[in-house]
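Worth saying up front: this structure is predicted, and the values here are computed from it rather than measured.
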Amino acid sequence: MRMTDQGVWKLGIDVGGTFTDAVLYHESTGEIYKAKVPSTPQDQSEGVLSAIASLRSQVPDGDNIKIASLNHGTTVATNAVLEGKGASVALLVTEGYKDILQIRRSHVPGGLAGWITWSKPEPLAPLELTIEVPGRISSSGEVVRPFDAELLRTRLQKLKNSKTRPESITISLINSFANPTHERQVAQLVRTEFPGIPLSLSSDVLPEIMEYERTVTTVANAYVKPVVHRYLANLETALKDIPVNVLRSDGGLSGASIAKEHCATLLYSGPAGGVTGVINQVARRTKYKNLMSFDMGGTSTDVCLIENGKAELRRESTIGDLTIRAPSIDVRTVGAGGGSIASVAEISGALRVGPESAGAIPGPACYSKGGNKATVTDALAVLGYLPPALLGGSFHLDVNAAFKVIEENIVKPMKLATAVEAAEGIIRIALEKVHGSLRSVSVEKGKDPRDYNLVSFGGAGGLVACELAKICGVAYPLIIPPSPGVLCALGEAYTGIRHEISTTMIHKLKDMNVSDFQGACDNLKTRVSSVLLEQNIMDFAIGFEVDLRFHRQATNLPVSFEQQEVIDHENHVSLFTFALDLDVEMVNLRAFAQEKTREIKTQPLEQGDNPEVENTLQLTSLYYGGRKYDEVPIIDRDRLRSGNVLKGPCVIYETDSTTFLAPGHRAEIDHVANILIWPDISERIPLGVSSTFDPIVVQLVEAGLQNVRTEMDTLIMRVAMSPAMREQPLEMVHIRGKWSVVNLEASYQHAQAFLHRGRSLSKKVKSHFLAAESTDQCSYTWLGDIFLTNDPYSCSNAISHLNDFLVINPVHYRGKLVAWIANIGHFTDIGSSVPGSMPSHARTIHEDGIQIPLCKLYSRNTLNTAVFKIIERNSRKPDFTRSDLIALVAATKIAARRIKEMCERFGTDAYEHALDILLTRNKLAVGKIIKTTLSSEKVHFEDYIDDDGHGTGPWRIACTMWKEVNGEGDHVVVLDFDGTDPQSDKSVNFALSHEMLKMFVVYYLLTVFDPTTIVNDGSFELIQIKVPEGTLLNPVWPAALSGRTPLIGRLFDVLGAIFGQRTPEFLSAAGYSDSPHFFFSGWNRMGEWFQLYQIGFGGIPGRPHGDGPDGHSMWPSMRSVPNEFLESYLPLRTVPDSGGEGLYRGGNAMRIDYVFLDSGNVSVHDDRWYTKPWGVNGGGVGARSRKTLVRYSVNQDSPPREIIESKKDFLEVSAGDVLEWVTWGGGGYGDPLQRDPHLVAKEVQRGLVADATRYGVCLDAAGDVDLEATKILRLEMKPQQDLLSKEIFNRGGSMKELRDRCLEETGLPPPVLPSGRNLRGPITQIPHLRELQERRKREDALLYQA
């Protein structure tokens, strides 16, 4: 507490999008006054001052009361980011890292085809204001290259000459977490060159490892800093002598002076207020300490888990497209608020709720402000849960308007009986989404909801609380705090000052020096204490937290501790860990200081009797569970007293919110005015449910399956150890119906669940994966069985190489088989002669690694330990293998539990009927797209992978597509891969699953035409796949499969080309469809085995929707591993102009320079070094990939440069050698002469385009567009460009021309044509392959003739 505090007034103010809420609280007497005034987005301080004036008018002699502090939750920083109204930020980074924000760890959000329509956000610090700083610090803090101040001074002239002058400057240098010396030196220079401009240093804002996260967080801090500074300074001036504190994202307060500097900690200020209010009103004042908060507002809903009176913090906060590393209360937000719009998908006919919102203007239809779309609030009005007027009777509702929009927008399209039925469906769908969010903060973290009480607040939270509690299975009572509509402001009034400081300390626990650790703790304690002392806070507590991880992992687990524990504990390893046989290391250490606030006091609540008669304002009618209730009382909450008991149904009204006590529930008012609600077990509520199937159950089952999928993903992230499944997620989940086949489902961390219910176990399951090599053991299933295989030949190519392990869990409910759950995960190492188990030289699958035929990993819940040990013993990374396999199994088990819960909740028949409807709906939706968008005319396309790593190539993939009508009258699309080359003698073959390809096709169709439709395999029968046996895409045993990556990627290019020729919405250029692999392994100087497995990324192609992003991944949710984590001592950067020119340019490639500090063994998988990523509709080709090994170990001054083949094993490197890895760029889309010249000029300035003349653009000496010269140049280039634009595809030359120029352009000889080889092995006995090989010889003779 402050030294001057003697029991005074505290003011809490929370600014929302529609209203500004204020609470005035007296610490000694417990008096509380409330105000709710319209927000003023143009200047939030106006709404704040209006709220203060309203409060003073309520308090006797209010103008003369002394307010000790204004504790303020504000969205000023958040809005600056969301609206793009922050400062102009310059960024200073280490040489080679200028594109760090442009690349953004190569992440593309969304589903499998999300890259087609995703618009990459502009970085907060533009490239034209990014300056590279000379000098380099190592990850251990040593100076590798000294800082050159004079060179930087020269480079800073670019900022001084820029047309956009920086308003804020960020300094973020590589490895500054280990040594901030260079950042401090740079800051000293910048202050002299740019006096008065705010600086943000990454070593101050976030002194932790991971360069992108540290940089983007510091840039965000700089971006909002002038805005926050200006706002707070103006507010302080207006308030005069009232000190201002701002609510941080972690639920504590910062004084204005601190908040102005640490602005990134304010970005989640709004949601934190409600959680703080719950803690203060419920956890601190009642016996209920374990809580789940549920804050349902106008646009969205926020949920949070509170355990032992404390909310869990997370280290990342996401605002719009921006994710920063800053502590925030772990609040999960879902787009299901009162204003969320309900709609019916045009193609599928499915009912959707959110995330689009009607907002404050026009708002719900019942608000009479022009809203014409059905919302959740309209549904609540139709059901009668809202009183006739809100805000003390000043805001009247138009219930008839709510009926009208629901009838027009929902009832008619879905052919429902009444608006009431539709309204109940809207509420149930919205609550199912909220249910998913509540699971994300509870069961996904291993917490049982039955141990937590639900606390419901916000404007709409009390209206649906009874139903939500029933769905979630939480503990009772359900709690509605007083003034739930202004709880955020109340929480802020109660809150104290908080601050935290962190540092990175990477040490194995077993090797950690305790005195060094104590010294680090003491240092952090001193620093964090000084921040509170500066704010005149004398009474505060100090706490510590350490981030732990398994050795060489990149995912951390925070663990709290007290410093005295370390002093007293003899074994600090056991202090932080449970019994493990793995090395655990410390990564980050942080200390926080929290002000000790006074005990919350309130004025005593009078004891009362049953209030149902005397406190009833009026009677109303409402609907619940399909039944109408008349003469339902509307009760004034302000008149309720402690001990009052209420019985549902009734509506409890107060000025800022409304609570609906549902039938079958009873409520009691406790001593601090909370409403405590229990189910009334003495009363059975008859529901007006018809005997026919409820169509809303379909949506609930679909949403439930989406939630299951998300929960499985989260569990994998918690349990798995390998970077392949955690940092670069290579894990795929499957949920299937009763007799389903198991197919791949992609889009990691996105909840598209695939469903299928066949009619014959023998025809479906056995034919797909049980029959190929099944034993007697696997020909039947029992309760508790779990199947396992990694052999593609055992499961009809459901997996495509041995690194992928498939776990299959049959789900039984009450003795009946109701579902199949499957998980597929990529394992880091499963034997073979090459670390990583993906050898390019393999000739048969026996050389790829260990093969596990289909077997039972668990039989009747008993583990097959022999199989488990075989897998573990055949891996160079047994720890990874063990944990990853456990993770896959655990995820299927949690999914099985959720499926059974749905069967219990809806009934097995209803659940299975819902699956049938979902499948049919998907079939109809995709069928409509096929019928209306695809042509019956045959379309053909061919593409290539360059070689097999042993000098043979290019290998052709040919596909012909057409549409036909089947015997049932359905329009069916046929994909025929006749003409694809016979399988390779090496490992580049791809065992293509027909079901996976169908999934790709469905994703393409729905992403472009109806992205709201959830993908399932109901439409798969509308897609026919024909792949000749013995070809690259359908190899026969024992063909090697370990190098199939290029073919997977090329399949994406082929699909885009084949669909795009007749449907322009699909037509993208060729791009970074591959995922090249880099492996580096060996023994370090400490005698420890190391093994790096990294996936590279490149240029996304130009698309109908715009430019291809630079240096990104087309595979969903993949991210590049941070360089600081890899200790890669030279930079990661994009390569200028490597994307194809076009109206929309192709994305640039990436270059990574690997500097080897130890000798070891390297393997690479890559492609597109020979053929070029093609452009479309006149667009140019993308740049090829290349890899060069610079052997500094041989000669430091003149090192030999060795061009490396695209696929190579056993490349020996020595300490000091450098591998320059350049991926390929994306092809361009459209006529580059139509591109905006000013955009070209800007991209030249940003370093994304090196040659403006490729776009027919001329620049003057200042870098501006020379309009006249550009006009002349474009006229000169037009005839040649017109010729190029006549063809759909531009390959950069004929195959013969590419072959003739190969050595000159790449430094490598062209590969030998596959048609010249002699077929060997089992394929020689397949007649059509012999004919195909002869045909290919004739075609190549014509194609490459002189």
Side-chain angles (χ1 to χ4, degrees), residues 1-5 8-15 21-25 27 44-45 48 51-52 67-78 221 224 228-229 231-233 235-236 239 242-281 283-284 309-311 313 317 326-329 331 486-501 528-543 591-600:
M1 66 186 71
R2 290 169 171 51
M3 291 185 294
T4 57
D5 280 353
V8 292
W9 292 100
K10 282 193 171 183
L11 175 61
I13 293 188
D14 189 78
V15 178
D21 303 327
V23 171
L24 189 62
Y25 163 68
E27 284 189 322
Q44 289 191 10
S45 64
V48 171
I52 295 174
I67 298 176
S69 65
L70 164 59
N71 299 340
H72 183 18
T74 176
T75 57
V76 166
T78 307
N221 193 80
V224 301
V228 171
H229 192 285
Y231 171 73
L232 291 179
L235 187 61
E236 286 178 303
L239 293 174
I242 301 178
V244 176
N245 301 318
V246 184
L247 188 69
R248 295 161 47 101
S249 304
D250 61 9
L253 294 169
S254 282
S257 61
I258 301 298
K260 291 173 186 176
E261 294 300 315
H262 296 270
C263 311
T265 64
L266 311 179
L267 287 173
Y268 236 65
S269 174
V275 178
T276 303
V278 169
I279 292 172
N280 287 324
Q281 173 63 25
R284 292 179 61 183
K310 294 182 180 180
L313 297 184
S317 302
S328 66
I329 289 179
V331 174
V486 295
L487 188 65
C488 293
L490 184 64
E492 289 151 13
Y494 292 153
T495 304
I497 299 289
R498 177 186 169 94
H499 195 73
E500 77 167 43
I501 296 177
V528 77
S529 298
S530 67
V531 175
L532 266 70
L533 293 172
E534 288 172 9
Q535 299 173 82
N536 203 24
I537 307 299
M538 300 296 147
D539 191 8
F540 53 86
I542 299 291
F592 61 87
Q594 175 72 55
E595 178 186 6
K596 295 180 180 179
T597 56
R598 291 184 176 182
E599 181 181 352
I600 298 171

Query raised in the report: Looking at CG of L253 and CD of Q594, how far apart are the two atoms once the value is rounded to the nearest 0.5 Å?
Result: 8.5 Å
**Report entry** Heavy-atom pair of closest approach, residues L532 and A593
**Finding:** CD1-CB, 3.8 Å
Query raised in the report: Are any of the side-chain heavy atoms of L235 and L70 separated by less than 4.5 Å?
Result: yes
Report summary line: Hits for ring pair (Phe, Tyr, Trp, His ring centres under 6.0 Å) against H262, two or more places apart or cross-chain, chain-then-number order -> H499
Query raised in the report: Excluding sequence neighbours, so at least two apart, what forms ring pair (Phe, Tyr, Trp, His ring centres under 6.0 Å) with Y231?
Result: H72
**Report entry** Counterpart residues, side chain to side chain donor-acceptor pair (under 3.5 Å), relative to S249 (two or more places apart)
**Finding:** none
Query raised in the report: Hey, are the side chains of V278 and L487 touching, using non-hydrogen atoms and a 4.5 Å cut-off?
Result: yes
Query raised in the report: For L11 and I242, what are the C-alpha separation, side-chain angles and deciding distance, and is it a side-chain contact (heavy atoms from CB on, under 4.5 Å)?
Result: CA-CA 10 Å; L11 175 61; I242 301 178; 5.6 Å; no
Query raised in the report: Can you pull the salt bridge (Lys or Arg N to Asp or Glu O under 4.0 Å) pairs that have at least one residue in residues 264-274, sequence neighbours excluded?
Result: none
Query - Nearest heavy-atom neighbours spanning A68 and P243 - result: O-CD, 3.1 Å
Report task. Supply the atom-to-atom distance S254 OG to L232 CG, rounded to the nearest 0.5 angstrom. Result -> 10.5 Å
Query raised in the report: Who passes side chain to side chain donor-acceptor pair (under 3.5 Å) against T78, sequence neighbours left out?
Result: none
Report summary line: Residues passing the side chain to side chain contact (heavy atoms under 4.5 Å, CB included) test with E500, sequence neighbours excluded, are R248, R315, P327, R498, R590, F592
Report task. With sequence neighbours excluded, tell me which residues meet side chain to side chain contact (heavy atoms under 4.5 Å, CB included) with Y25. Result -> E27, I32, A493, Y494, I600, K601
Requested in this report: Compare all side-chain heavy atoms of I67 with those of L24 and state whether any distance is below 4.5 angstrom.
Outcome: yes
Report task. For A272, enumerate each residue passing the side chain to side chain contact (heavy atoms under 4.5 Å, CB included) test, keeping only those at least two apart in sequence or located in another chain. Result -> L247, I329
Query - Residue pairs, two or more places apart or on separate chains, that pass salt bridge (Lys or Arg N to Asp or Glu O under 4.0 Å) and touch residues 263-276 - result: none
Report task. Determine the minimum heavy-atom distance between V224 and C263, stating which atoms define it. Result -> CG2-CB, 3.3 Å
Query raised in the report: Taking C-beta and beyond as the side chain, do L239 and V244 meet within less than 4.5 Å on heavy atoms?
Result: yes
Query - Donor-acceptor pair, side chain of Q535 and main chain of V531, under 3.5 angstrom - result: yes
Query raised in the report: Mind checking whether E492 and C488 have side chains closer than 4.5 Å, heavy atoms only?
Result: yes
Query - Any donor-acceptor pair under 3.5 Å from N71 side chain to N245 backbone - result: no
Query raised in the report: Who are the salt bridge (charged side-chain N to carboxylate O under 4.0 Å, His left out) partners of D21, not counting sequence neighbours?
Result: K36
**Report entry** Heavy-atom closest pair, residues A326 and A264
**Finding:** CB-O, 3.8 Å
Requested in this report: Supply the atom-to-atom distance T75 OG1 to L266 CG, rounded to the nearest 0.5 angstrom.
Outcome: 11.0 Å
Query - Trace of the side-chain contact (heavy atoms from CB on, under 4.5 Å) decision for V528 with I542 - result: CA-CA 9 Å; V528 77; I542 299 291; 3.9 Å; yes
Query raised in the report: Is there a donor-acceptor pair closer than 3.5 Å between any side-chain N or O of E595 and the backbone N or O of G496?
Result: no
Report summary line: D14 meets the side chain to side chain donor-acceptor pair (under 3.5 Å) criterion, sequence neighbours left out, with none
Report task. Walk me through it: do T265 and I258 pass the test side-chain contact (heavy atoms from CB on, under 4.5 Å)? Result -> CA-CA 10 Å; T265 64; I258 301 298; over 6 Å; no
Query - Which residues share a side chain to side chain donor-acceptor pair (under 3.5 Å) with T74, sequence neighbours left out - result: Q44
